[in-house]
Amino acid sequence: MRKLIVAGNWKMNTSVAEGVELAKKVSAYAVEKNLPEGKQIVIAPPFTHLASVAQVIDSNKVILAAQDCAATKNGAYTGEVSASMLKGIGVKAVILGHSERRQYFKENSEILLKKIKLALEEGLDVIFCVGETKDQREAGANLYFNVIKAQLVDTVFTLSEQDFAKIIIAYEPVWAIGTGLTATPEQAQEIHEFIRKEVANNYSQKVADDTTILYGGSCKSSNAKEIFAKKDVDGGLIGGAALKADEFGKIIDAR
Ligand code: 13P
C-alpha cells in the first residue's frame, strides 16, 4: 500500500548515547502525535546503535532501519553485517543503493540486487535509492531519465510483483545531498512522476499507485511542505535535518 513516510538517515553521525537520546525523542514525538495508519516514521541509525535504539523506541510507531546490509548470507566476510543479523535485533527495513555507497564503496547494480534479495528473504522492507549526479543532470533530461531508469531496471524491476511491494523508492539527486541545493518541488515531481510511470510500465498501474516514492537531498523543515505537497512525492529521506529531533518533528508534520 502507498504510504506517507518520513525517514531519517543518520549516516555516520552521533555517539551511541546521543543516538539513543535522539531515538527516544523521535519515538516520544510519534507516540504523542498518534500518527494515522499509513503515515510512518523511519529512523536509520548506524549499525552500532541499532540494538540499543531498538530497546527505547515504540516499534509500533517508529520503524527501525539499517543503512546497509551484506551482499552475502553469512560466513567469512570480515566487517560485514548480514540481513538476518539485523532482523535478529529488531531491524525492520534497510536503506540500499544510497549514492554514498555507490560512490565511495563502488556498489553497483549487481551487488545491490544481491543485497535487496537477501533483505527481502529476511522480511525486511527496502528503501532503494536512485538519483543522478550533477554532471548527469547538466547533460539534460534525456540522460538523467535514462540513468534513473537503468538504476531501476537493473535491480528492483527484476523482482516479482510480490517482492516489489516491499520496495520503497527514494529519489535522491546526488547534487542535492548535503549540499544545501534542494531540488525544486517541480524537479522532484518530474522525476517522481517518471519513476511511477516506469513502475506502471514494468508492473501495472495498480502497483505504481501503491508504490511509495520519497524525496531526499537537503530536505528540511523550511522546504519539506512544498516538496511533499507534490502529488507523486510520498514523503522524504532526510539526512542532516534528521539529527535534531525538533527539526525532524517539523518535517514529519510537513506531510
Ligand atoms: P541531506 O538531507 O543531508 O542532504 O542527505 C540526504 C540523504 O542522503 C538521505 O539519505
Side-chain angles (χ1 to χ4, degrees), residues 4-14 18-19 22-23 26 40-47 49-50 53 62-69 91-105 107 112 115-116 119 124-134 136-137 144 147-148 151-152 155-156 167-185 187-188 191-192 195 212-228 230 233-255:
L4 305 177
I5 297 178
V6 177
N9 174 10
W10 296 3
K11 307 192 180 182
M12 197 169 70
N13 292 298
T14 74
E18 288 164 348
L22 177 56
V26 172
Q40 296 184 338
I41 300 174
V42 178
I43 54 173
F47 283 137
H49 302 29
L50 291 168
V53 166
V62 179
I63 294 169
L64 185 59
Q67 298 173 21
D68 187 26
C69 71
V91 169
K92 301 283 196 305
V94 60
I95 298 171
L96 294 173
H98 194 283
S99 62
E100 287 150 16
R101 302 290 319 168
R102 293 176 192 262
Q103 185 182 348
Y104 304 134
F105 305 98
E107 293 191 2
L112 291 172
K115 293 186 175 200
I116 291 166
L124 301 178
D125 286 344
V126 172
I127 299 176
F128 184 68
C129 307
V130 296
E132 79 285 2
T133 62
K134 187 164 179 282
Q136 290 164 341
R137 162 78 36 181
Y144 63 72
V147 166
I148 289 160
Q151 288 173 342
L152 295 167
T155 57
V156 289
I167 305 290
I168 294 149
I169 296 174
Y171 168 56
E172 296 209 317
V174 182
W175 48 271
I177 295 176
T179 58
L181 273 180
T182 321
T184 63
Q187 283 173 322
I191 303 289
H192 283 231
I195 292 171
T212 304
I213 310 176
L214 310 180
Y215 170 78
S218 297
C219 191
K220 38 191 181 284
S221 63
S222 56
N223 57 28
K225 212 176 177 72
E226 267 186 316
I227 298 172
F228 294 174
K230 289 292 176 189
V233 179
D234 305 313
L237 180 56
I238 319 298
L243 295 171
K244 293 208 174 83
D246 290 356
E247 173 69 3
F248 192 55
K250 285 183 196 158
I251 299 172
I252 293 166
D253 288 344
R255 192 63 175 89

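We count ligands from 1, going down the list as the structure has it; atoms in each ligand are counted the same way. What you see is a predicted model; the values in this text were computed from it and never measured. Heavy-atom basis, side chains included; hydrogens, waters and symmetry copies ignored.
- Numbered from 1 in the order shown, with element, the atoms of ligand 1 that lie under 4.0 Å from a heavy atom of Leu237 read 9 (C), 10 (O).
- Relative ring orientation between Tyr171 and His192 is described as perpendicular, the plane-to-plane angle rising above 60° on a 0-90° scale split at 30° and 60°.
- Across all non-hydrogen atoms, the minimal contact from Val91 to Ala66 is CG1-N, 3.8 Å.
- In this structure the side chain of Pro45 reaches within 4.5 angstrom of the side chain of Leu50, judged on heavy atoms.
- In this structure, CZ on Arg101 lies 4.5 Å from CD on Glu107, to the nearest 0.5 angstrom.
- The ligand atoms of ligand 1 that sit less than 4.0 angstrom from a heavy atom of Gly240 are 1 (P), 2 (O), 3 (O).
- Comparing Ala7, Gly178, Cys129 against atom 4 (O) of ligand 1, the shortest heavy-atom distance belongs to Gly178.
- Considering both main-chain and side-chain atoms, His98 comes within under 3.5 Å of ligand 1 through a nitrogen or oxygen pair.
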- request: Could you walk me through whether Asp68 and Lys115 pass the salt bridge (Lys or Arg N to Asp or Glu O under 4.0 Å) test, one step at a time?
  value: CA-CA 8 Å; Asp68 187 26; Lys115 293 186 175 200; 2.8 Å; yes
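- For the pair Glu132 and Arg137, the salt-bridge criterion is met [side-chain N within less than 4.0 Å of a carboxylate O].
- Here the options are Val94, Ile168, Ile95, Ile167, the test is side-chain contact (heavy atoms from CB on, under 4.5 Å), and the partner is Phe128; only Ile167 passes.
- Note on Lys92 versus Asp125: no salt bridge recorded, every NZ/NE/NH1/NH2 to OD/OE distance being 4.0 Å or above.
- Of the protein's non-hydrogen atoms, the one nearest atom 5 (O) of ligand 1 is Lys11 NZ, 3.2 Å.
- Which parts of ligand 1 touch Gly217 is read off a 4.0 Å heavy-atom cut-off, strictly below it: atoms 4 (O), 6 (C).
- Under 4.0 angstrom from ligand 1, the non-hydrogen atoms of Ala176 all belong to its backbone.
- Here's the thing with Gly239: one of its N/O atoms is less than 3.5 angstrom from an N/O atom of ligand 1.
- Counting heavy atoms under 4.0 Å from ligand 1, residue Ile177 touches it through both backbone and side chain.
- Using a non-hydrogen distance threshold of 4.0 Å, Ser218 registers as a contact of ligand 1.
- Under a 4.0 Å criterion applied to the non-hydrogen atoms of Glu172, ligand 1 contributes the atoms 6 (C), 7 (C), 8 (O), 9 (C), 10 (O).
- Contact annotation: Lys220 has no heavy atom less than 4.0 Å from any atom of ligand 1.
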